Amino acid sequence: MTAWRRGLHARPEIAFREERTSELVAGLLAGFGLEVHRGLAGTGVVGTLRRGGGRRSIALRADMDGLPVTETAGLPYRSQVPAAMHACGHDGHMAMLLGAARELAHSGRFDGAAHFVFQPAEENEGGGRVMVEQGLFDRFPADTVFGLHNWPGLDAGHFAVRPGPVMAALDLFEVRLRGRGAHGAMPHLAIDPVVAAAEMIGAFQTIVSRNVSPVEAAVVSVTQVQGGDTWNVIPEAVRLRGGARYFRPDVGRVVEEGIRRIAAGVASAFGATVEIDYQHRYPATVNEPEAAAIAARVAAEVVGPERTLPDVPPSMASEDFAFMLQARPGCYVWLGNGPADGGRALHSPSYDFNDEILPVGAAYWVRLVETILA
Ligand SMILES: [Zn+2]
Ligand SMILES: [Zn+2]
């Protein structure tokens, strides 16, 4: 698994371009004796292993894409591809699931079908959604679906899980504010979009503090402000971009409505015009309680109950495994990658997956299949 992981780390591929990765994964799965299917979402790979005459089935998912990040750590197996890096540990996720497939093909004791799903484009582009839309669960009917992600900041080899929402929904928005430009010394001749944008950014912060119930979680962040070219000209337009995150769809509706209302209202108050592009990217990742209980029990059997957190607080980050959990009940767990400081956080240019947890993740997958398809 370490050799696979480091080989994958050296050759990262970005969303929907995981051709070489897909080739390698498919070749290994076929070599273990699995039925291999390719082509869902382009580079997606599904390997199927059957035992006995049982009709029950389970799907296990790993992600395959790297990020457009330039690696800075001087590892011997560092990325050989410019501006591409496995900075989220998907190299490790693939290696663990491949290890589990090999072990289960060799000596697995279960009755039914286990589908090993390798998805493209987890980062930003929703490869998991595309696989579901293209019929993942029609071609590979699975009663339940399970996912796993390494988690810096959680002790290495510890598991964390929770029933219900575990990661947030993600919406992205762009606000294009248009006024009238003028000389910087003659503001009375302008409709200043910079002043209007400043009011808008401040007012957006009242959505969470004044529109969302204080016992619910939501985030509204303006992360990009673009407008103007120089010191002494009031520009004609300003563009704001940002994101919103939340767990519950009704909270999401309040947030979207708030952004649209405030953008339109502030622009109107200043005599400016506004266009709003609001996109729903990922829904919340919601663990089915029974599946979460099984996942926690299996994790505790693998690493011990003292290393398993069965009810951790959720994260406001997002995950496209959410689309698979909308289609099938299941559970998404975090596996501790060790400390997150010193550039070891996810998406950091000096991040590296912790190879010590490869056997832990693989053992969890094997035991999960043998438990659910006992
Ligand atoms: Zn990531
Ligand atoms: Zn990731």
Side-chain angles (χ1 to χ4, degrees), residues 4-5 8-9 11-18 21-22 25 41 43-45 60-73 79 81 83-98 116-131 145-154 156 159-161 166-170 172 219 221 223 243 245 281-285 287 312 314-325 330-338 340 343-355 357-358 360-361 364-365:
W4 293 333
R5 205 286 288 182
L8 288 162
H9 190 87
R11 299 295 300 270
E13 294 172 302
I14 309 295
F16 291 123
R17 284 183 267 150
E18 305 89 344
T21 305
S22 166
V25 165
T43 52
V45 182
L60 315 175
R61 169 275 205 168
D63 32 20
M64 299 193 291
D65 54 321
L67 281 155
V69 168
T70 298
E71 185 159 15
T72 56
S79 172
V81 184
M85 178 188 171
H86 272 298
C88 202
H90 300 180
D91 47 353
H93 302 165
M94 286 186 273
M96 287 188 284
L97 194 56
L98 286 165
F116 299 81
V117 179
F118 293 80
Q119 74 148 83
E122 190 285 322
E123 304 285 359
N124 300 318
E125 304 304 329
R129 170 179 54 77
V130 179
M131 281 189 99
V145 62
F146 289 82
L148 176 158
H149 206 292
N150 79 92
W151 206 247
L154 178 65
F159 280 95
V161 62
V166 64
M167 296 186 88
L170 169 65
L172 302 181
V219 176
S221 296
T223 55
R245 297 168 187 269
R281 285 296 181 99
Y282 290 0
T285 302
N287 287 334
V312 284
S315 164
M316 296 307 289
S318 308
E319 165 59 73
D320 87 342
F321 186 64
F323 292 103
M324 295 192 189
L325 284 177
C331 179
Y332 180 81
V333 301
W334 290 321
L335 173 57
N337 198 57
R344 290 177 287 186
L346 294 177
H347 296 195
S348 162
S350 56
Y351 167 86
D352 190 32
F353 183 86
N354 181 349
D355 285 330
I357 67 173
L358 288 168
V360 181
Y364 166 78
W365 285 133

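Order of appearance sets the numbers: ligands from 1, and atoms from 1 within every ligand. Heavy-atom basis, side chains included; hydrogens, waters and symmetry copies ignored. Just so it is clear, the model here is predicted, and its values are computed rather than measured.
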Is there side-chain contact between Pro120 and Asp65, with heavy atoms separated by less than 4.5 Å?
no

Going by the salt bridge (charged side-chain N to carboxylate O under 4.0 Å, His left out) test, which pairs reach into residues 87-96, not counting sequence neighbours?
Arg5-Asp91

Counting C-beta onward and ignoring hydrogens, is there a side-chain heavy-atom pair between Phe159 and Val360 closer than 4.5 Å?
yes

Which residues pass the side-chain contact (heavy atoms from CB on, under 4.5 Å) test with Ala121, sequence neighbours left out?
Ala15, Phe16, Glu18, Glu125

Leu154: which residues meet the side-chain contact (heavy atoms from CB on, under 4.5 Å) condition with it, sequence neighbours left out?
Trp151, His158, Ala160, Leu309, Trp334

Number of protein N/O/S atoms less than 2.8 Å from the Zn ion (ligand 2)?
3

Given 3.5 Å as the limit, does a donor-acceptor pair link the side chain of Ser318 with the main chain of Ala168, or not?
yes

Provide the atom name of the closest N, O or S atom of His347 relative to the Zn ion (ligand 1).
NE2

